[in-house]
Amino acid sequence: MYAQMVKSTGQGVKSLDDMEPQERAFQERIDAGDKIEPKDWMPDGYRKTLIRQIGQHGHSEIVGQLPEGNWITRAPTLERKAILLAKVQDEAGHGLYLYCAAETLGVSRDELTEDLLSGKMKYSSIFNYPTLTWADMGAVGWLVDGAAIMNQVPLQRTSYGPYARAMVRICKEESFHQRQGYDIMMKMARGTPAQKRMAQDALNRFWYPSLMMFGPSDKDSVHSAQSMAWKIKMNTNDELRQKFVDQTVPQAEYLGLTVPDETLQWNEGKGGYDFAEPDWSEFFDVIKGNGPCNRERLAARNKAWDDGKWVRDGLLAHAEKRASKKVAAE
Amino acid sequence: MSAPNSAYPDTPEAQPEKPKRHEWPLWEIFIRGQHGMSHRHVGSLHAADAEMAIKNARDVYTRRNEGVSIWAVQASHIAASSPSHKGPLYEPSESKVYRHPTFFDIPDEVGAM
Ligand SMILES: [Fe+2]
Ligand SMILES: [Fe+2]
Ligand SMILES: [Fe+2]
């Protein structure tokens with residue numbers, strides 16, 4: 001998802017009886033549905049895994065602005081431009097809420113940023129794909145934000161208080177994102193033959209990368225089992241992917257577009273669609289840094305950080321000077 | 001038990017022994033909505049000074065008419081109670097049910113009270 005393949009302790013889940021009293025009390029609070037707050041005791045693994053997960057989620061929101069930002073100056077109407085601008089601004093806000101949640105765990109904002117810029121921390125694979133036409137703005141809102149919602153809605157119940165509260169705030173804003181995307185798709189799909197072709201082409205290119213957002217199957221992963229015991233992961237990747245496909249296929253049909261999967265078929269027995277898996281070797285390649293836009297995305301973030309240095313330093317120096325003058329005057 | 005300190009004990013600001021990074025300080029943001037009775041904590045952000053904290057809070061936390069008034073407080077200035085004191089701090093009030101008006105039976109004949 002926005003946080004893909006987050007590693008936890010790497011050990012299996014301990015039973016309550018194997019835990020020291022402090023850890024046992026902690027796990028029992030989670031089992032009872034209590035929220036863990038910044039000042040509470042927590043196992044080291046819980047803290048570290050959360051920093052990785054929330055950080056990666058925040059980085060995805062920030063880097064996720066780039067593929068859409070690409071079209072702000074070229075939106076077809078002033079209204080579409082204003083809407084897209086508002087959507088991208090929301091994503092900056094989402095990144096900020098998440099960074100703040102991560103900071104309550106003892107990592108600083110600059111450390112998080114530096115780990116993104118150096119490539120040490122990851123962001124979602126989806127943002128390493130290019131946005132080639134205006135129809136891609138439709139596909140991103142509809143599919144990418146749609147997949148994000150699938151993952152974020154259950155995370156509103158996650159055990160870590162600041163993370164859960166950030167998710168509540170984010171979820172309130174996401175449905176605007178998905179609806180504005182679908183609105184673009186409707187316009188294109190009902191437009192001229194050329195517009196319809198663009199809409200179909202966007203769906204073709206974004207379908208499998210969207211399925212990859214949920215990450216490879218993790219039903220046998222010890223990391224996922226631990227994260228689920230800690231309630232920082234609420235569903236398996238396969239569950240969420242299935243839900244996403246079941247929700248999205250009828251929406252594509254409504255648009256009169258074809259999901260690029262010849263094997264796609266309703267399965268009465270399971271009450272869901274059977275569908276083809278994405279190419280996981282492509283996924284691992286993108287994660288490793290070899291997607292179509294990895295270098296461009298990181299270069300853009302690095303440039304923004306470097307170019308902004310004099311502003312950050314200057315404003316801080318100004319604030320400190322003013323504060324010391326005020327102290328001197330008192 | 002640690003003395004009351006910053007709301008977030010593990011933030012770099014709350015750990016003076018850690019070498020300080022040259023980072024904009026963290027501010028906690030409180031917003032009062034149009035019909036709200038009081039300011040409520042909505043989240044935090046980084047800003048060089050109070051003026052910028054309020055400007056950023058406007059951009060980040062009031063994009064959909066969430067508020068008509070903003071307070072910004074530097075996070076390191078907030079003192080917070082410790083979760084392990086939950087018992088001793090809040091239990092005493094549990095046994096004092098007479099603090100609630102429903103504790104007293106007033107006959108209907110007396111009228112509204
Ligand atoms: Fe978002
Ligand atoms: Fe998003
Ligand atoms: Fe979004």
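Hydrogens, waters and symmetry mates are skipped; everything else that's a heavy atom, side chains included, is used. Chain letters run A, B, ... following the sequence lines, proteins first, then strands; residues in each count from 1.
Annotation: maximal heavy-atom pairing with chain B below 4.5 Å, among A:Arg322, A:Glu173, A:Arg165, occurs at A:Glu173.
Within 6.0 Å of CH2 on B:Trp71 lie no more than 12 heavy atoms contributed by other residues, nucleotides or ligands. B:Arg63 CZ: more than 12 foreign heavy atoms inside a 6.0 Å radius. Around the CZ atom of B:Arg58, the shell of radius 6.0 Å holds no more than 12 heavy atoms that belong to other residues, nucleotides or ligands. Heavy atoms of other residues, nucleotides or ligands lying less than 6.0 angstrom from NZ of A:Lys35 number more than 12. In this structure, A:Lys309 places its NZ atom where only 12 or fewer heavy-atom neighbours from other residues, nucleotides or ligands lie under 6.0 Å away. The local environment of CG in A:Asp306 is crowded, with over 12 non-hydrogen atoms from other residues, nucleotides or ligands closer than 6.0 Å.
The minimum heavy-atom distance between A:Cys100 and B:Ser44, with the atom names listed, is SG-O, 3.0 Å. Residues A:Leu316 and B:Pro25 approach most closely at CD1-CD, 4.1 Å, considering heavy atoms.
The backbone N or O of A:Ser108 lies less than 3.5 Å from no partner atom in the side chain of B:Glu23, so there is not a single donor-acceptor pair.
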A:Arg169 and B:Tyr61: CA distance, side-chain angles, deciding distance, side-chain contact (heavy atoms from CB on, under 4.5 Å) verdict: CA-CA 10 Å; A:Arg169 201 163 253 291; B:Tyr61 292 112; 3.6 Å; yes

Check against salt bridge (charged side-chain N to carboxylate O under 4.0 Å, His left out), B:Glu66 and A:Lys172: CA-CA 12 Å; B:Glu66 288 93 337; A:Lys172 272 192 202 152; over 6 Å; no

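Distance check, rounded to the nearest 0.5 Å: CG of B:Asp49 to CD of A:Glu320 gives 10.5 Å. Rounding to the nearest 0.5 angstrom, the gap separating the OH atom in A:Tyr97 from the CG atom in B:Leu45 is 10.5 Å. The CZ atom of A:Arg109 lies 10.5 Å from the CH2 atom of B:Trp24; values are rounded to the nearest 0.5 Å. A distance of 4.0 Å separates CG of A:Asp90 from CZ of B:Arg64, quoted to the nearest 0.5 Å.
For a residue to count as touching a neighbouring chain, one of its non-hydrogen atoms must lie under 4.5 Å from one of that chain's; by this rule A:Leu96 touches chain B with the side chain only.
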